[in-house]
Asks: 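Sharing a structure, written as structure tokens. Questions coming.
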Number of protein chains: 2
Amino acid sequence: MSNRNIGIKDVAVAAGVSVTTVSHVLNEVSYARVSPGTKDRVRSAAEQLGYGPNRLARALRTQRTGMLGLVSEDIATTPHAGRIILGADEAAKARGYNLMIINTSASASLESREADVEALLERRVDGILYATMYHRNVELPANLGSVPSVLVDSVAAGGDITAVIPDEEGGARAAVAALLEAGHTRVGFINNTDDVPATHQRLRAFRATLSDAGLDGGAAPVESAVSEVQGGYEAALRILAREDRADVPTALFCYNDRMAIGAYRAAAELGLRIPEDLSVAGFDNQELIAANIHPGLTTVALPHYEMGAWATEHLIDAVEGKTDLSLMALHPTILGCPLVRRDSIAAPRA
Amino acid sequence: MSNRNIGIKDVAVAAGVSVTTVSHVLNEVSYARVSPGTKDRVRSAAEQLGYGPNRLARALRTQRTGMLGLVSEDIATTPHAGRIILGADEAAKARGYNLMIINTSASASLESREADVEALLERRVDGILYATMYHRNVELPANLGSVPSVLVDSVAAGGDITAVIPDEEGGARAAVAALLEAGHTRVGFINNTDDVPATHQRLRAFRATLSDAGLDGGAAPVESAVSEVQGGYEAALRILAREDRADVPTALFCYNDRMAIGAYRAAAELGLRIPEDLSVAGFDNQELIAANIHPGLTTVALPHYEMGAWATEHLIDAVEGKTDLSLMALHPTILGCPLVRRDSIAAPRA
DNA sequence: TTGAAAGCGCTAACAG
DNA sequence: CTGTTAGCGCTTTCAA
């Protein structure tokens, strides 16, 4: 077990060499030439004493902490944060970095978020990841710019910072395509009412996919509501309880998994069985919901883990001078949203 | 915006004083006596230059980083981690501390978890929080002991480290009591098969609560299964589909919310409506599930936020010498599990 | 091959 | 009331 009170100096004394030599061998400095015997003596002395480096001192000297700051909006309110953190943590760990996490809120004032970034800056993190819990436009604290940083799951209002976001359109297209492939020709879309990128992009993809398949995308039923269970329920009812039975969709694409749950309930109340009478596709792949309802919900997964990892990977590259983030800042990087197939899609009734 | 390249020395020069004075006024050192005029000059010089302290240098000097390490088991697999982190982060922030987070896995080797702790130690965190994602007995990395630390949501195999855990029995008792208060006299328990403290404690509380109410706790039906939806479904079927209808419970207490979902499904298949024909109570209060199924599930909330905050609060007290953790290590601290009432409990049919 | 010494930015004991 | 100075533990230049 390593001993916090042992320094390089103690190792030097024990090994009968200078601190320089200790530093050289322990860090395997390439240009330093140390005899094998000395190396051994140093290493075993270090081992013996339970020496562990003091990263603070090293950082003070090298001007590099090996720490990345992660400011995460609303860590506890969505399960997505965990996946971003995990992706970031694993990518960081793989390259010898660690994460300092600060939680903030999307509704927090710009000053308070600036203070959060300041705390990270005072600790001299090498770079900062700024993660939001859903894809949107954020107004960033100005001091973010004083260190390399990348945005996760959102784009900056100014638009001059490297960002990584999900491929909303591709994901929506995959979901609708799955519905079409199953044979459906009348599919409805239950959309969100919030003015966020996903709302518009998923709608666009919905329409385009239908059109591409030779269906009248413009005429397909779309109902919007608050993006929660209740909204999904109401919107589904509006779509499914139409007068003209012939026109009623046999499949529903839902803005997210929570709305899909609402659709499940609406279907149950109308005596429609899923997937026999109605096919449903969701978005988000919130495991807890999608895998646990019956039948399992086919839905689109958001690449939170991947975004966290990608952002960290590139942030570290920038910190180490291997990449110029400003070159990537022009356009956000878009990561795929794979379809997760479960049991909520089947062929329509003959 | 603060400038990373400005040091205390630059401020001193700008204000025409010594670094000592700058340090004294910026840190509001109590014993130092500085004239108001000088104070003002120092402060405005600092402001002007955009001075921000270098916490690394300060830490190196004071032997205190103001950083707490949080090693969290399986950050992404349960939504609980987020609440622990949030509780810890807010408590830490309130006292001027920050969190370094490292993810690990319950199934990771002792060595790998020891390496995680080592990384924290090298960064000279003042203390460590070790959080697990469900209440159990853990084998802790030995190097954890070299710095003040507290366990969140579990107790140590050795039992000599301060820990905070949920009041499983109290929570279970509250849930069963709610069922009894609604008028039920035949209630069943769908339990977990895992050998974790919760399994035994919730069962004990279930039996005790029935007995205390004058019912035959020992004879109440208990079925165990894997603590997932499917297990809950199967166990519920076993309890509800008994031959002797008179004995069939009118209420079910479920080990967790996922199993409760399974019970919902079993009830639906048997033509039992919730809560009219069957009342159900869960455990965990996984918002995503409990609030989103229909009807909303009455369940017991685990105090993850509170445990995170409590642990942090006391860890900081120990770091600052205000508490002796070893005195608290004798018995784990138990935090309440409040009942969250929704719509899954009603009076039994006449 | 190895070592002496400067200095990263700060705090605090001590001196004036 | 204010300043000088010695480190905190490490890396790295330069010299031997």
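Residue numbers begin at 1 in each chain, while the letters A, B, ... track the order of the sequences.
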Asks: For the pair made of NZ in A/Lys39 and P in C/dT1, what is the distance, rounded to whole Å?
Replies: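 Distance, rounded to whole Å: 9 Å.
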Asks: Can you check the A/Asp10 CG to D/dC8 P distance for me, whole Å?
Replies: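 Atom CG in A/Asp10 sits about 11 Å away from atom P in D/dC8.
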Asks: Looking at B/Val17, is its backbone amide N or carbonyl O close enough to the side chain of B/Thr21 to form a donor-acceptor pair, meaning the two atoms are under 3.5 Å apart?
Replies: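 Not a single qualifying donor-acceptor pair exists.
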Asks: So what does B/Arg33 hit on the nucleic acid, given a heavy-atom distance under 4.0 Å: a base, only sugar-phosphate, or nothing?
Replies: base
Asks: Quick one: does any side-chain atom of A/Asp74 pair with a main-chain N or O of A/Ser105 as donor and acceptor, under 3.5 Å?
Replies: no
Asks: For a quick test of reading the model: is some side-chain N or O of B/Ser18 closer than 4.0 Å to OP1 or OP2 of D/dT4?
Replies: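 Checking B/Ser18 against D/dT4: no side-chain N or O falls below 4.0 Å of OP1 or OP2.
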Asks: Reckon B/Thr62 touches a base, only the sugar-phosphate, or nothing at all at heavy-atom distances under 4.0 Å?
Replies: sugar-phosphate
Asks: Do the side-chain N or O atoms of A/Arg61 get closer than 4.0 angstrom to the phosphate oxygens (OP1, OP2) of D/dC10?
Replies: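 No, A/Arg61 has no side-chain N/O under 4.0 Å of OP1/OP2 on D/dC10.
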Asks: Of all the nucleotides listed (D/dC10, C/dA5, C/dG3), which has the minimum atom distance to the side chain of A/Ile8?
Replies: D/dC10
Asks: In sequence, state the C-alpha distance, the side-chain angles, and the governing distance for B/Leu315 and B/Leu68, and then conclude on side chain to side chain contact (heavy atoms under 4.5 Å, CB included).
Replies: CA-CA 9 Å; B/Leu315 180 59; B/Leu68 264 22; 3.8 Å; yes
Asks: Check this one for me: any side-chain N or O of A/Thr38 less than 4.0 Å away from OP1 or OP2 of C/dT2?
Replies: yes
Asks: Reckon B/Thr21 has a side-chain N or O less than 4.0 Å from the OP1 or OP2 of D/dT2?
Replies: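 No, because none of the side-chain N or O atoms of B/Thr21 sits under 4.0 Å from OP1 or OP2 of D/dT2.
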Asks: Need to verify one output field. Residue with the more 5' nearest nucleotide on DNA chain D, A/Ile6 or B/Ser35?
Replies: B/Ser35
Asks: Whole-Å distance between D/dG9 P and B/Glu122 CD?
Replies: 15 Å
Asks: Taking only N and O in the side chain of A/Asn54, is any of them less than 4.0 Å away from OP1 or OP2 of D/dC8?
Replies: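 Indeed not, no polar side-chain atom of A/Asn54 lies that close.
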Asks: For B/Glu320, does the CD atom have more than 12 heavy-atom neighbours from other residues, nucleotides or ligands under 6.0 Å away?
Replies: yes
Asks: Name the residue closer to the 5' end of DNA chain D, choosing between B/Ala57 and A/Val19 according to the nucleotide with the nearest heavy atom.
Replies: B/Ala57
Asks: Choosing from D/dG3, C/dG3, D/dC10, which nucleotide comes nearest the side chain of B/Val17?
Replies: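 The nucleotide sitting nearest to the side chain is D/dG3.
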Asks: In this structure, how many angstroms lie between the C1' atom of D/dC8 and the CZ atom of A/Arg58, rounded?
Replies: 16 Å
Asks: What contact category does A/Ser23 fall into here, base, sugar-phosphate, or nothing, at under 4.0 angstrom with non-hydrogen atoms?
Replies: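 Since a base atom lies under 4.0 Å of A/Ser23, the category is base.
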Asks: Round to a whole Å and report the spacing from NE2 of B/His24 to P of C/dA12.
Replies: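 Result: 8 Å.
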Asks: Is the phosphate of D/dT11 approached by A/Tyr31 (side-chain N or O, under 4.0 Å from OP1 or OP2)?
Replies: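 So the side chain of A/Tyr31 is outside the cut-off, no N or O lying under 4.0 Å from OP1 or OP2 of D/dT11.
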Asks: Quick one: do A/Arg136 and A/Glu73 make a salt bridge, cutoff under 4.0 Å?
Replies: yes
Asks: A/Leu60 CG to D/dG7 P: how many Å, rounded?
Replies: 17 Å
Asks: Is the closest basic N to carboxylate O distance between A/Glu313 and A/Arg95 below 4.0 Å?
Replies: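 Yes, A/Glu313 and A/Arg95 are salt-bridged.
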Asks: What is the distance, rounded to the nearest whole Å, between atom CD of A/Gln63 and atom P of C/dG7?
Replies: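 From A/Gln63 CD to C/dG7 P: 14 Å.
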Asks: Rounding to an integer number of Å, can you tell me how far B/Arg123 CZ sits from D/dC8 C1'?
Replies: 18 Å
Asks: Report yes if a side-chain nitrogen or oxygen of A/Thr20 is closer than 4.0 Å to either non-bridging phosphate oxygen (OP1 or OP2) of C/dT2; otherwise report no.
Replies: no
